[in-house]
Amino acid sequence: MTTALRVPEELSARVPAEQRGKGLDRDAVRLLVSRGTEVSHHGFAELPGLLRTGDLLIVNTSPTLAAAVDGRIGHARVVVHFSTRGGDGRWAVEVRDPDGRGTTRARAGGPAGTEVRLPGGVRLVLEEPLTGRSPRLWWGRVSESGGRVPEADVPGPEADVLGLLGRHGRPIRYSYTERDQPLSAYQTVFALPAADGAGSAEMPSAARPFTARLVAALVSRGVQFAPVTLHTGVASAEAHEPPYPERFAVPETSARLINAARAGDGRVVAVGTTAVRAVESATDADGVVRAAEGWTDLVVTPERGVRVVDGLLTGLHEPEASHLLMLEAVAGRAAIDRGYDAALRGRYLWHEFGDVHLILPEEAPHTEHCASNCR
């Protein structure tokens, strides 16, 4: 049902919520709430009243990088999207063609040995495809034209690219947006600088509507927060491929908070699919979360299911997106179809600057008329 539908172009959010009218803030987006197949409509600022004491939100602290850099292959202009730093100093990159409107379109990847000239005398050499499934992403190595790694503002093996991004990069932007935005527009209230300068190629956008004021209201309500980190790479804007391995970390304190919430009456709600991927990667078969960090290749599907997450706060994904399988794992196909039908009928806005969807467990019969803070 949902997967057969097409999202009308006019439902793409073209600018951030705070730019749509005077006096608006990031939380001026709509909130679709699904409890099983029951759907209700709210403003995001109503979130504290929709959660209750003891609930726990898992949030991704990864900052967003200015991951797009202009370059040239021969005489042709290209744009390089730096996606994920490997352990050997190479980066997974996607090379795209400028479309003449300030955004980009897909181009064939490779071949091996292709040299991309970047600003400041830096060059990127493509070495091999990231996976055999798709030619879109390649492993590439950056150096100065003379072969030396360029100087950078931060120490460590990743400093070459991070210095380049700091001087010449800009946030990745897709064609449905209206204009370039500053990097600050792509940082969430939960973003924290990583010690090694790492971050996400694309914003963990489910958390974008949160403001400091709203976080304070949730804390006052008795809602807790468990920070995790997952540095997300470049999404497949055209082919909607499943995610590839990404770096993640679940701290010991967060693992304890999540286990305590599950042992009590609280619901564990992940803010974004990246938070689901991180915490489920740190969960054993018995549903116990343990501190963990490294790389995860986990793809959450209905067949695999979820072990910890009771609910999910997420953006609206296109019908072809692989993320919908994760949503189905959390809530079931019927609930997601019903929610997306309601989102389309209600003219909700899609993509990173758009509206959001809160998926909660279906209430037991004896609590369906209970106040929102009952336990």
Side-chain angles (χ1 to χ4, degrees), residues 1-35 39-47 50 60 64 101-104 171-190 200 202-211 214 232 235-238 240 269-275 311-324 326-327 330-331 335-360:
M1 185 176 179
T2 295
T3 53
L5 297 177
R6 179 180 175 276
V7 179
E9 187 177 342
E10 65 269 20
L11 294 187
S12 294
R14 303 194 182 281
V15 296
E18 62 272 22
Q19 297 178 17
R20 296 178 201 150
K22 186 177 180 180
L24 297 180
D25 207 340
R26 288 179 172 220
D27 58 6
V29 297
R30 299 170 68 192
L31 178 63
L32 178 74
V33 179
S34 294
R35 292 184 179 89
V39 174
S40 57
H41 304 274
H42 306 266
F44 190 76
E46 298 176 59
L47 182 63
L50 296 165
N60 187 359
T64 307
R101 300 190 301 269
T103 53
T104 60
I172 290 174
R173 176 189 158 206
Y174 290 114
S175 58
Y176 49 78
T177 56
E178 184 175 293
R179 56 182 177 269
D180 286 345
Q181 298 288 341
L183 184 59
S184 58
Y186 291 88
Q187 304 294 4
T188 75
V189 72
F190 304 111
S200 290
E202 296 184 358
M203 171 178 55
S205 55
R208 191 185 190 280
F210 284 88
T211 63
L214 188 63
T232 183
S236 172
E238 289 82 20
H240 301 290
V269 179
V271 177
T273 57
T274 60
L312 175 60
L313 179 70
T314 181
L316 293 165
H317 303 283
E318 291 177 321
E320 307 91 346
S322 61
H323 289 309
L324 286 179
M326 181 184 292
L327 272 60
V330 173
I336 300 308
D337 280 352
R338 181 70 176 271
Y340 270 60
D341 288 343
L344 287 170
R345 289 195 309 270
R347 311 290 291 175
Y348 279 70
L349 295 180
W350 256 251
H351 303 303
E352 67 266 33
F353 297 139
D355 299 317
V356 281
H357 187 191
L358 176 61
I359 301 167
L360 292 173

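Taken from CG in Leu313 to CG in Leu360, the straight-line distance is 9.0 Å, to the nearest 0.5 Å. Atom-to-atom distance recorded for Thr273:OG1 and Leu324:CG is 10.0 Å, nearest 0.5 angstrom. Going from atom CD1 of Ile172 over to atom CE of Met203 covers 11.5 Å, rounded to the nearest 0.5 Å. Atom CG of Leu47 sits about 10.0 Å away from atom CG of Asp27, to the nearest 0.5 Å. Once rounded to the nearest 0.5 Å, the distance linking CG of Leu349 with CZ of Arg30 reads 7.5 Å. Taken from CZ in Arg179 to CZ in Arg173, the straight-line distance is 9.5 Å, to the nearest 0.5 Å.
Residues Arg20 and Ala13 approach most closely at NH2-CB, 3.6 Å, considering heavy atoms. In this structure, Val39 and Ser34 approach most closely via the heavy-atom pair CG2-OG, 4.1 Å. Summarising the geometry of Leu316 relative to Trp350, their closest heavy-atom pair is O-CD1, 3.0 Å, with the distance given to 0.1 Å. Residues Ala17 and Val29 approach most closely at CB-CG1, 3.6 Å, considering heavy atoms. Among all heavy-atom pairs drawn from Ile336 and Ala331, the shortest one is CD1-CB, 4.0 Å. When all heavy atoms of Pro204 and Thr64 are compared, the pair lying nearest together is CD-OG1, 3.9 Å.
Using bins of under 30°, 30° to 60° and over 60° for the plane-to-plane angle, the ring pair Phe353/Tyr186 lands in the tilted bin. Aromatic ring pairs are classed by plane angle as parallel below 30°, tilted from 30° to 60° and perpendicular above 60°; the pair Tyr176 and His351 is parallel.
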Can you check side-chain contact (heavy atoms from CB on, under 4.5 Å) on Tyr174 and Thr103, steps first, answer last?
CA-CA 6 Å; Tyr174 290 114; Thr103 53; 5.7 Å; no
Please report the C-alpha distance between Thr188 and Phe210 in whole Å, then the side-chain angles of each, then the deciding distance to 0.1 Å, and finally whether the side-chain contact (heavy atoms from CB on, under 4.5 Å) criterion is met.
CA-CA 7 Å; Thr188 75; Phe210 284 88; over 6 Å; no
Does the pair Asp355 and Leu32 meet the rule for a side-chain contact (heavy atoms from CB on, under 4.5 Å), with working shown?
CA-CA 8 Å; Asp355 299 317; Leu32 178 74; over 6 Å; no
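Using modelled atom types and a 3.5 Å distance limit, the side chains of His41 and Tyr348 yield a donor-acceptor pair. Side chains of Asn60 and Thr274: a donor on one and an acceptor on the other come within 3.5 Å. Between the side chains of Gln19 and Glu178, not a single donor N or O lies within less than 3.5 Å of an accepting N or O.
Here the side chain of Arg26 pairs no donor or acceptor atom with the backbone of Val189 at under 3.5 angstrom. A donor-acceptor pair under 3.5 Å links the side-chain atoms of Glu46 to the main chain of Gly43, judged by distance alone.
At a threshold of 4.0 Å, the pair Glu18-Arg208 counts as salt-bridged, since one of the basic side-chain nitrogens sits closer than that to a carboxylate oxygen.
With a 4.5 Å cut-off on side-chain heavy atoms, Ser175 and Arg101 count as touching.
The local environment of CD in Glu9 is sparse, with at most 12 non-hydrogen atoms from other residues, nucleotides or ligands closer than 6.0 Å.
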